[in-house]
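Take a look at the structure set out below.
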Protein chains: 2
Amino acid sequence: METTVTLEEPVSAEACRVHMVPITEVLGQVGSKWTMHVIVALATGPKRFSELKAHIGGVSQKVLTSTLRDLERDGLVSRKVTPSIPPRVDYELTAMGQELRGPLGAIGRWAVDNQTRVQAARDRFAHAEDERRRDAW
Amino acid sequence: METTVTLEEPVSAEACRVHMVPITEVLGQVGSKWTMHVIVALATGPKRFSELKAHIGGVSQKVLTSTLRDLERDGLVSRKVTPSIPPRVDYELTAMGQELRGPLGAIGRWAVDNQTRVQAARDRFAHAEDERRRDAW
DNA sequence: CGGAATCCTTCACGATACTG
DNA sequence: CAGTATCGTGAAGGATTCCG
């Protein structure tokens with residue numbers, strides 16, 4: 001019994017919804033504003049908290065902490081504490097985190113390859129909106 | 001001059017951030033709670049508004065409308081109005097929308113393939129949390 | 001240094017009611 | 001049928017302060 005539906009051949013609306021649950025969950029996590037940045041930053045190797053914060057830039061300490069917690073919770077990132085003075089905490093992609101780089105890279109490449117097309121579409125849309133506004137007057 | 005960095009070989013922190021912009025934007029959109037559902041629903045062919053709503057299930061018409069607007073705005077979905085009585089509106093993936101199915105499918109497959117591993121990691125994490133709580137007392 | 005705690009703002013989402 | 005208009009809510013994110 002094959003249950004790999006995803007984006008190819010939906011069976012029923014209900015079966016499709018059930019299948020979407022883990023996907024939605026993962027995307028909700030990945031779509032979170034900073035998750036992608038963290039994974040990219042860690043893709044080249046382990047980093048300390050302050051290194052991550054500096055590398056990413058523009059993220060608050062609180063949000064970075066919670067992002068890292070979520071990733072650790074899901075087993076994508078490992079957290080290694082060295083209780084020295086001052087303390088030292090290293091973050092690193094786990095094996096599972098490394099595996100996510102592939103699929104994430106596919107999205108990333110699509111985004112980079114298509115940003116001009118998306119921008120053009122947005123311009124067209126904004127322009128069409130203007131025209132409708134003009135017609136209304 | 002090659003500028004395809006994404007997830008493979010970061011150059012500088014700044015160059016990396018610049019590259020992340022379109023990716024973050026796309027992921028923010030895709031990570032939006034219902035975008036994925038809409039694309040999956042439309043992957044098999046055009047659908048009317050009410051068909052989409054019924055197929056997805058659990059989405060309010062307001063949110064579905066704005067989700068579709070965003071997708072239309074970015075040129076991923078086309079909207080065809082038939083001014084009959086009652087009115088009829090068909091939504092369909094554009095060529096660009098179709099192309100997104102590949103990368104999105106990669107994420108989807110990863111999510112489905114790894115949901116048990118993620119769940120196990122969460123259980124471990126929750127268990128470790130409990131133990132720390134017990135130590136505190 | 002790496003956080004936890006607190007406060008505050010914004011916004012996505014949802015429920016409801018109304019319209020062409 | 002396919003929206004638009006309004007109102008309400010919770011959660012995400014950000015700034016700041018304090019702690020081991």
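Letters A, B, ... mirror the listed sequences (proteins, then strands); counts begin at 1.
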Original post:
C/dG2 C1' sits how many Å from A/I85 CD1, rounded?
Top reply: 13 Å

**OP:** Give, for atom CZ of B/F49 and atom OG1 of B/T65, the distance between the pair rounded to the nearest 0.5 Å.
**Re:** 3.5 Å

Original post:
Whole Å only: how far is the CZ atom of A/R69 from the C1' atom of C/dG3?
Top reply: 8 Å

Subject >> side chain to side chain contact (heavy atoms under 4.5 Å, CB included) between A/S32 and A/D70, worked out >> reply: CA-CA 10 Å; A/S32 157; A/D70 289 339; 6.0 Å; no

**OP:** Measure from the side-chain N and O atoms of B/K53 to the backbone N and O of B/L64, and report whether any donor-acceptor pair falls under 3.5 Å.
**Re:** no

Original post:
Under 3.5 Å, side chain of A/R117 to main-chain N/O of B/D74, donor-acceptor pair present?
Top reply: no

Interface polar pairs with nucleotides 13-20 of chain C, N/O, under 3.5 angstrom:
{"from": "C/dC13", "atom 1": "OP1", "to": "B/K33", "atom 2": "N", "distance (Å)": "3.1"}
{"from": "C/dC13", "atom 1": "N4", "to": "B/K62", "atom 2": "NZ", "distance (Å)": "3.2"}
{"from": "C/dG14", "atom 1": "OP1", "to": "B/K33", "atom 2": "NZ", "distance (Å)": "3.2"}
{"from": "C/dG14", "atom 1": "OP2", "to": "B/W34", "atom 2": "NE1", "distance (Å)": "3.2"}
{"from": "C/dG14", "atom 1": "O6", "to": "B/K62", "atom 2": "NZ", "distance (Å)": "2.0"}
{"from": "C/dT16", "atom 1": "O4", "to": "B/Q61", "atom 2": "NE2", "distance (Å)": "3.3"}
{"from": "C/dA17", "atom 1": "N6", "to": "B/Q61", "atom 2": "NE2", "distance (Å)": "3.0"}

Original post:
How long is the line joining OH of A/Y91 and P of C/dC1, in whole Å?
Top reply: 15 Å

Subject >> Option passing side chain to side chain contact (heavy atoms under 4.5 Å, CB included) with B/I39 (candidates B/T67, B/L104, B/V77) >> reply: B/L104

**OP:** Would you mind telling me which of B/L52, B/D90, B/I56 makes a side chain to side chain contact (heavy atoms under 4.5 Å, CB included) with B/K47?
**Re:** B/L52

Original post:
Does a side chain donor of either B/Q98 or B/R101 reach within less than 3.5 Å of an acceptor in the other side chain?
Top reply: yes

Subject >> Any A/V59 side-chain heavy atom under 4.5 Å of A/K33 side chain >> reply: no

Original post:
Does anyone know the first and last nucleotide of DNA chain D in reach of chain B, 5' to 3', at under 4.0 angstrom to a heavy atom?
Top reply: D/dC1 to D/dC7

